[in-house]
Q: 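Can you keep this structure in mind? I'll have questions shortly.
Letters A, B, ... are given to chains in the order of the sequence lines, protein chains preceding strands, and every chain is numbered from 1.
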There are 2 protein chains.
Amino acid sequence: MVEITTQVGAAAQPRAPLSRQRVLTTAVTLADAGGAEALSMRRIAQALGVVPMALYKHVANKNELLDGMIDVLVGEIDPPADDTDWKTTIRRRVLSARRMLLRHPWAPEVIESRMKARTTPTPVVLEYLDSMIGIFRAGGFSIELVHHAMHVMGSRLLGFSQELFEDSSDREPDADTIAPEEMAARYPHLTELAMAVAHDQESVVGSGCDDQSEFEFALDLTLDGLERLRGAI
Amino acid sequence: MVEITTQVGAAAQPRAPLSRQRVLTTAVTLADAGGAEALSMRRIAQALGVVPMALYKHVANKNELLDGMIDVLVGEIDPPADDTDWKTTIRRRVLSARRMLLRHPWAPEVIESRMKARTTPTPVVLEYLDSMIGIFRAGGFSIELVHHAMHVMGSRLLGFSQELFEDSSDREPDADTIAPEEMAARYPHLTELAMAVAHDQESVVGSGCDDQSEFEFALDLTLDGLERLRGAI
DNA sequence: ACCTGAACACCGTTCAAGT
DNA sequence: ACCTGAACACCGTTCAAGT
């Protein structure tokens with residue numbers, strides 16, 4: 001009964017042989033479905049129909065697996081266009097990174113935790129950063145200003161500077177829900193802002209705040225600020 | 001033997017009675033020393049000389065404990081000055097938040113993970129955000145622009161927009177160290193930048209990149225950009 | 001009524017015993 | 001030589017048994 005899957009072929013190999021790539025993409029799929037907390041060596045192995053120890057032939061340990069997953073994500077970011085100005089190229093690429101991130105909401109947390117620990121980013125990430133720097137340089141930025149620019153862009157380079165709070169659906173149940181009138185009394189400014197935003201978009205069904213255009217607003221404010229400094233620093 | 005610590009006093013109570021505050025500050029101290037991964041209910045209990053289950057009288061579960069720890073950190077941010085303009089007030093407060101964060105390097109990861117999950121931020125965080133919004137409003141910002149501003153500031157409000165990579169000391173050992181000449185060949189732009197930064201600060205002993213001034217550069221670029229829009233939006 | 005030890009259902013990773 | 005089951009040292013949390 002247990003042997004059913006392997007006894008058919010002459011070579012007696014599992015249907016699709018395990019590979020680093022297959023381990024990584026399975027892990028990404030698992031995280032997409034269940035979040036970062038659903039990622040365990042044991043569960044990945046189970047999803048692949050394999051004993052947990054089999055994974056250790058393809059990744060040294062869990063941290064290396066997480067690094068590999070980040071590489072998979074960076075690979076999903078569109079390559080730079082080479083037929084337009086620096087600003088458009090950077091803008092498109094960052095927005096592509098953001099789209100990637102929306103497909104993998106667990107990524108910021110994992111990237112955050114891994115960037116704290118690693119000695120050097122993986123070659124894939126280095127290549128990506130190098131390419132970004134190259135775009136600024138080709139656009140006429142001094143190396144000093146490029147350095148500032150990379151810091152200013154910060155995590156936006158990888159598609160996020162985290163929204164302080166995710167949208168309201170899909171949350172843990174809230175223990176201490178507060179009455180709206182008490183909310184308004186205690187946090188008057190927050191309430192004013194929430195009402196203004198809601199009123200602004202009364203036609204839209206959603207959360208009352210368009211994260212995408214807010215992201216673009218921040219991105220453009222930053223890019224415009226950098227452009228103003230180009231040549232001056 | 002086991003009874004030694006409790007049999008002395010008449011009331012037979014542990015030396016310092018457990019309290020939510022003591023649980024939280026102990027957890028913060030533990031994380032400061034060992035990072036986010038060192039934070040376990042069992043270890044916190046051990047540090048308090050208590051059985052793990054005793055913690056559950058003061059926090060509902062680990063997530064609520066993490067939220068409580070974030071509240072402790074927000075409490076460390078200096079209150080706003082009220083004798084100066086909006087820009088100085090925001091700037092000082094954000095820099096105070098950043099100093100808090102430098103004392104607690106595990107915080108961004110924890111904040112990131114908790115903000116993904118919670119329904120509503122804790123009252124302490126809400127109060128902090130409300131106060132920030134109030135400063136912008138008092139500075140003559142329209143509610144629409146304040147909304148944009150809060151998004152633009154993003155995680156910088158809590159003292160971080162994460163440095164993509166931490167400084168080089170205190171890292172995991174690096175498996176695949178690369179030869180400098182191969183580094184230069186593969187990542188020319190990255191190398192140019194690294195060299196320029198190193199040369200820039202040859203007098204300084206440290207990592208060759210002043211994170212503090214880079215943070216301030218990004219902060220000021222953002223604040224200046226917002227000021228330019230004040231009144232226009 | 002209160003407290004808590006043991007237990008449950010998990011982890012990542014090691015390692016020796018099996019083929 | 002290769003593979004892997006069992007084991008180790010952990011988790012967060014439940015719950016019944018003890019006082």
Side-chain angles (χ1 to χ4, degrees), chain A residues 1-3 5-7 11-15 17-20 22-24 26-27 30-31 33-69 106 109-110 113-114 117-118 172-173 175, chain B residues 1-7 9 11-15 17-20 22-24 26-27 30-31 33-69 106 109-110 113-114 117-118 172-173 175:
Chain A
M1 190 85 101
V2 170
E3 292 298 306
T5 55
T6 56
Q7 76 190 4
Q13 281 190 355
R15 196 67 50 91
L18 217 51
S19 72
R20 186 179 159 86
R22 228 159 73 79
V23 169
L24 295 180
T26 301
L30 230 131
E37 66 189 303
L39 262 188
S40 82
M41 298 303 271
R42 286 165 136 100
R43 268 196 253 204
I44 296 163
Q46 196 187 20
L48 286 161
V50 139
V51 81
M53 274 310 298
L55 302 179
Y56 285 81
K57 182 144 302 157
H58 300 97
V59 291
N61 50 46
K62 192 180 182 184
N63 282 339
E64 219 227 40
L65 173 114
L66 294 175
D67 288 336
M69 292 172 69
W106 48 271
E109 187 183 339
V110 170
S113 78
R114 286 310 298 148
R118 266 199 66 82
E172 290 173 13
Chain B
M1 190 83 101
V2 170
E3 293 299 305
I4 274 183
T5 56
T6 57
Q7 77 191 3
Q13 280 190 356
R15 196 66 50 92
L18 218 50
S19 72
R20 185 179 160 86
R22 227 160 72 80
V23 169
L24 295 180
T26 301
L30 231 130
E37 67 189 301
L39 262 187
S40 80
M41 299 302 272
R42 286 164 135 101
R43 268 196 252 204
I44 296 164
Q46 197 189 20
L48 287 161
V50 140
V51 81
M53 273 310 297
L55 302 179
Y56 286 80
K57 181 145 301 156
H58 300 97
V59 291
N61 50 45
K62 192 178 182 186
N63 282 339
E64 219 228 41
L65 173 114
L66 294 175
D67 288 337
M69 293 172 69
W106 48 271
E109 186 183 341
V110 170
S113 77
R114 287 310 297 149
R118 267 198 67 82
E172 290 173 14

Q: Considering only atom P, compute the distance from D:dC8 to C:dG18 and round it to an integer number of Å.
A: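 Result for the P pair: 16 Å, nearest Å.
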Q: What pair of heavy atoms forms the shortest contact from A:Pro52 to A:Ala45, and how long is it?
A: CA-CB, 3.5 Å
Q: Could you list the residues that satisfy salt bridge (charged side-chain N to carboxylate O under 4.0 Å, His left out) with B:Arg42, not counting sequence neighbours?
A: none
Q: Quick one: stems for DNA chain D, with Watson-Crick or G-U pairs under 3.5 Å, at least three in a row?
A: C:4-8 with D:12-16, C:12-16 with D:4-8
Q: Which residues within residues 52-59 of chain B lie with some heavy atom under 4.0 Å of an atom in DNA chain D?
A: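 Going residue by residue through residues 52-59 of chain B, the ones with a heavy atom under 4.0 Å of DNA chain D turn out to be B:Met53, B:Tyr56.
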Q: With a 4.5 Å heavy-atom cut-off, do A:Leu55 and A:Leu65 have their side chains touching?
A: no
Q: Within this structure, what is the CG-CD distance for the pair A:Leu39 and A:Glu37, rounded to the nearest 0.5 Å?
A: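 If I round to the nearest 0.5 Å, the distance is 10.0 Å.
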Q: Taking the side chain as C-beta and beyond, is there a heavy-atom pair between B:Leu18 and B:Leu48 under 4.5 Å?
A: yes
Q: Nearest 0.5 Å, what's the CZ-NZ distance between B:Arg20 and B:Lys57?
A: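 Output value for this atom pair is 15.0 Å.
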Q: Rounded to whole Å, please give me the gap between CG in B:Leu65 and C1' in D:dC11.
A: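 Rounded to whole Å, this separation is 14 Å.
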Q: Using the 3.5 Å cut-off, write out each protein N or O paired with an N or O of nucleotides 16-19 of chain C and the distance between them.
A:
none

Q: Hey, are the side chains of A:Asp67 and A:Val59 touching, using non-hydrogen atoms and a 4.5 Å cut-off?
A: no
Q: Of all the heavy-atom pairs spanning A:Gly34 and A:Ala38, show the shortest one and how long it is.
A: O-CB, 3.4 Å
Q: Which residues pass the side chain to side chain donor-acceptor pair (under 3.5 Å) test with B:Arg43, sequence neighbours left out?
A: none
Q: Tell me which residues in residues 34-45 of chain B lie within less than 4.0 Å of DNA chain C, going by non-hydrogen atoms.
A: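 Output list: B:Arg42.
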Q: Tell me, please, which residues at least two apart from A:Ala47 pass side chain to side chain contact (heavy atoms under 4.5 Å, CB included).
A: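 Scan of A:Ala47 (side chain to side chain contact (heavy atoms under 4.5 Å, CB included), adjacent residues dropped) gives A:Thr26, A:Leu30.
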Q: For A:Gln46 and D:dT4, what is the distance between atoms CD and C1' respectively, to the nearest whole Å?
A: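 Spelled out: CD on A:Gln46 to C1' on D:dT4 is 17 Å.
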Q: Looking at B:Ala31 and B:Met69, what are the two nearest heavy atoms and their distance?
A: CB-CE, 4.1 Å
Q: Please name the pair of heavy atoms, one in B:Ser40 and one in B:Lys62, separated by the smallest distance, quoted to 0.1 Å.
A: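 Minimum heavy-atom separation between B:Ser40 and B:Lys62: CA-NZ, 4.4 Å.
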Q: Can you tell me how far the CD atom of B:Glu64 sits from the NE2 atom of B:His58, to the nearest 0.5 Å?
A: 12.0 Å
